[in-house]
**Q** 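Questions regarding the structure given below will be posed in turn.
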Amino acid sequence: MIKKGKLVRWNDSKGYGFIRLEVEADNDVTQDIFMHMSALEPMTRRPLVGDTIYFQIEAQTDGKQRAFAARIEGGESGIDGDKRRKATRPAKLQKPIQGVLYRIAIMLVVLAIASFVYNKTIAPMTANTALPVISNAVAADDSQISQAFKQQLSGIQVQSSGVVSRILADDNKGSRHQRFIIKFNNGQTLLIAHNIDLAPKINGLKEGDTVSFYGQYEYNDRGGVVHWTHHDPNGRHVGGWLKHQGKTYQ
């Protein structure tokens with residue numbers, strides 16, 4: 001059953017908060033329901049306190065309740081989004097922006113020239129001694145994920161690989177997800193929640209298999225969870241993937 005409530009608390013750095021369930025006609029007792037960011041999929045924007053949320057409720061193994069299959073009323077096109085944009089929009093933005101575009105064009109030209117000079121002069125001289133460059137988006141091995149866990153970060157794109165240590169039952173409530181836990185060399189564990197309504201399921205997955213992944217990391221006290229390991233049919237979120245035994249699932 002779809003419920004309606006208002007987001008009364010939200011910790012954006014940790015990616016979770018609480019929805020105050022709308023009081024029904026035969027019940028005058030308020031109730032706050034836990035919601036993790038992963039319940040909003042696909043997510044049109046970051047939640048804000050005061051948002052009206054439509055959601056469903058599921059009971060966890062510890063007896064507590066949490067929201068799933070949630071969506072924000074109106075999204076960025078709703079009335080609340082319009083108010084937030086008007087409140088933060090400088091009046092100068094209504095003036096012509098030709099000057100800003102001109103400066104951006106100059107910066108792009110300068111960057112193009114610098115790139116050309118580097119490739120023609122500096123790069124050849126350092127080709128034999130340069131060390132491998134690690135992308136900002138992908139750290140060596142699992143160090144980026146370990147750092148995100150220590151700093152309790154959420155909503156960042158990560159890429160790595162690990163060994164499957166435990167296979168969980170599929171989550172068939174709302175959007176269906178294949179779930180399994182991988183373990184890194186440093187001992188940290190990570191839950192992979194792979195949406196099998198939008199991407200193929202890894203059939204024949206076994207404990208001890210190695211799985212590579214690219215997706216969005218969300219913090220929790222058990223090592224974290226990675227979701228968005230699939231394409232976004234709406235094209236609003238960067239696409240992710242899983243790789244297992246030479247095959248890509250996205």
**Q** Apply side chain to side chain donor-acceptor pair (under 3.5 Å) to the pair Q152 and K14, showing each step before the final yes or no.
**A** CA-CA 6 Å; Q152 300 185 8; K14 296 185 178 180; 3.1 Å; yes
**Q** Taking D170 first and then R179, would you say they form a salt bridge - that is, a charged N and a carboxylate O separated by under 4.0 Å?
**A**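 No, D170 and R179 are not salt-bridged.
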**Q** When rounded to the nearest 0.5 angstrom, what distance separates NE2 in H36 from CZ in R66?
**A**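 Separation between the atoms: 7.0 Å.
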**Q** Rounded at 0.5 Å granularity, tell me how far CD1 in I196 sits from CD in Q178.
**A**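 I196 CD1 to Q178 CD: 6.0 Å, rounded to 0.5 Å.
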**Q** Check whether Y217 and I182 end up in the same hydrophobic cluster, where Ile, Leu, Val, Met, Phe, Trp and Tyr are linked by side-chain heavy atoms less than 4.5 Å apart.
**A**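 Y217 and I182: one cluster.
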**Q** Indicate the atoms forming the closest heavy-atom contact of A70 with I53, along with that distance.
**A**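 Taking A70 first and I53 second, the nearest heavy atoms are CB-CG2, 4.0 Å.
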**Q** Is it true that W241 and H230 have ring centroids separated by less than 6.0 Å?
**A**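 Not under 6.0 Å, so no.
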**Q** When you look at OH of Y16, are more than 12 heavy atoms from neighbouring residues, nucleotides or ligands closer to it than 6.0 Å?
**A**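 Open: at most 12 neighbouring heavy atoms sit under 6.0 Å from OH of Y16.
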**Q** Quick check for you: to the nearest 0.5 Å, what is the distance between S175 atom OG and L198 atom CG?
**A**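 If we round to the nearest 0.5 Å, S175:OG and L198:CG are 6.5 Å apart.
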**Q** Check for a donor-acceptor pair, side chain of S212 on one end and backbone N or O of S161 on the other, with a separation under 3.5 Å.
**A**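 Answer holds: no.
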**Q** Quick check for you: to the nearest 0.5 Å, what is the distance between N185 atom CG and S143 atom OG?
**A**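 Between atom CG of N185 and atom OG of S143 there are 11.5 Å.
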**Q** Shortest non-hydrogen contact from G15 to S154?
**A**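 What the structure gives for the nearest pair is N-OG, 4.0 Å.
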**Q** Where the side chain of N234 meets the backbone of R236, is there a donor-acceptor pair that is under 3.5 Å apart?
**A**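 Checking the backbone N and O of R236 against the side chain of N234, no donor-acceptor pair under 3.5 Å is found.
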**Q** Enter the distance from N195:CG to Q250:CD here, rounded to the nearest 0.5 Å.
**A**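 One gets 13.5 Å once the value is rounded to the nearest 0.5 Å.
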**Q** Considering only NZ, NE, NH1 and NH2 on the basic side and carboxylate oxygens on the acidic side, decide whether R20 and D32 come within less than 4.0 Å.
**A**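 Looking at R20 and D32, the cut-off is met.
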**Q** Report yes if the side chains of I72 and T52 come closer than 4.5 Å at any heavy-atom pair, otherwise no.
**A**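 Counting from C-beta outward, I72 and T52 never come under 4.5 Å.
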**Q** Answer yes or no: does atom CD1 of I2 have more than 12 heavy-atom neighbours from other residues, nucleotides or ligands under 6.0 Å?
**A**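 For I2, atom CD1 is not crowded (no more than 12 foreign heavy atoms under 6.0 Å).
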**Q** Could you check whether any side-chain heavy atom of Q31 comes within less than 4.5 Å of a side-chain heavy atom of I33, counting everything from C-beta outward?
**A**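 Counting from C-beta outward, Q31 and I33 do come under 4.5 Å.
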**Q** How about F184 and S146: do any of their side-chain heavy atoms sit closer than 4.5 Å?
**A**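 Answer no - side chains too far apart.
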**Q** So, the side chain of D197 versus the backbone of R176: is there a donor-acceptor pair under 3.5 Å, distance only?
**A**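 Yes; at least one donor-acceptor contact below 3.5 Å.
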**Q** Who passes side chain to side chain contact (heavy atoms under 4.5 Å, CB included) against Y249, sequence neighbours left out?
**A**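 Here the qualifying residues are H194, P200, I202, L242, H244, K247.
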**Q** So, applying ring pair (Phe, Tyr, Trp, His ring centres under 6.0 Å) with F34, which one of F55, F18, W10, F68 is it?
**A**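 Only one of F55, F18, W10, F68 forms a ring pair (Phe, Tyr, Trp, His ring centres under 6.0 Å) with F34, namely F18.
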**Q** Please check this pair: side chain of H227 against backbone of A193, looking for a donor-acceptor N/O pair closer than 3.5 Å.
**A**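 No.
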**Q** Can you name the closest pair of heavy atoms from Q56 and A69 and give their distance?
**A**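 Where Q56 meets A69 most closely, the heavy atoms are NE2-CB, 4.0 Å.
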**Q** Measure across I156 and A148 and return the closest heavy-atom pair with its distance rounded to 0.1 Å.
**A**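 It is CD1-CB, 3.6 Å.
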**Q** Under a 4.5 Å cut-off applied to non-hydrogen side-chain atoms, are V211 and L205 in contact?
**A**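 The answer is yes, as the side chains (C-beta and beyond) meet within the 4.5 Å cut-off.
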**Q** Donor-acceptor check, side chain of N220 to backbone of G224, threshold 3.5 angstrom: yes or no?
**A**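 Yes, N220 side chain to G224 backbone: donor-acceptor pair under 3.5 Å.
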**Q** Find out whether V158 and Y214 are in side-chain contact, i.e. whether some heavy atom of one side chain is under 4.5 Å from a heavy atom of the other.
**A**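 With C-beta onward as the side chain, the pair stays apart.
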**Q** Specify the closest pair of heavy atoms between Y219 and L153, including all atoms of both residues, with the distance to one decimal.
**A**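 For Y219 and L153, the tightest heavy-atom pair comes out as CB-O, 3.2 Å.
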**Q** Between the side chains of R45 and D51, is the shortest nitrogen-to-carboxylate-oxygen separation below 4.0 Å, so that they form an ion pair?
**A**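 Yes.
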**Q** A side-chain contact here means heavy atoms from C-beta on lying under 4.5 Å apart; do L191 and V226 qualify?
**A**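 Heavy-atom side-chain distance check fails, nothing below 4.5 Å.
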**Q** How many angstroms lie between atom CD1 of I192 and atom CZ of F180, to the nearest 0.5 angstrom?
**A**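 With rounding to 0.5 Å, CD1 (I192) is 5.5 Å from CZ (F180).
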**Q** Treating K6 as the side-chain partner and G50 as the backbone partner, does any N or O pair qualify as donor plus acceptor under 3.5 Å?
**A**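 Flag set: sc K6 to bb G50 pair under 3.5 Å.
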**Q** Should Q157 and Q159 be marked as a side chain to side chain donor-acceptor pair (under 3.5 Å) after you check the CA-CA gap, both sets of side-chain angles, and the distance that decides it?
**A** CA-CA 7 Å; Q157 292 296 125; Q159 177 179 335; over 6 Å; no
**Q** I'd like to know if V225 and L168 are part of one continuous hydrophobic network [Ile/Leu/Val/Met/Phe/Trp/Tyr, side-chain heavy atoms within less than 4.5 Å].
**A**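 Looking at the clustering, V225 is in the same group as L168.
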**Q** What are the two closest non-hydrogen atoms of L7 and P47, and how far apart are they?
**A**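 Shortest heavy-atom separation between L7 and P47 comes out as CD2-CB, 3.7 Å.
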**Q** Has T189 got a side-chain atom pairing as donor or acceptor with R222's backbone, closer than 3.5 angstrom?
**A**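 Yes, because the side chain of T189 sits within donor-acceptor range (under 3.5 Å) of the backbone of R222.
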**Q** Tell me which pairs pass salt bridge (Lys or Arg N to Asp or Glu O under 4.0 Å) where either residue lies in residues 203-213, with sequence neighbours left out.
**A**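 Output for this query lists K206-D209.
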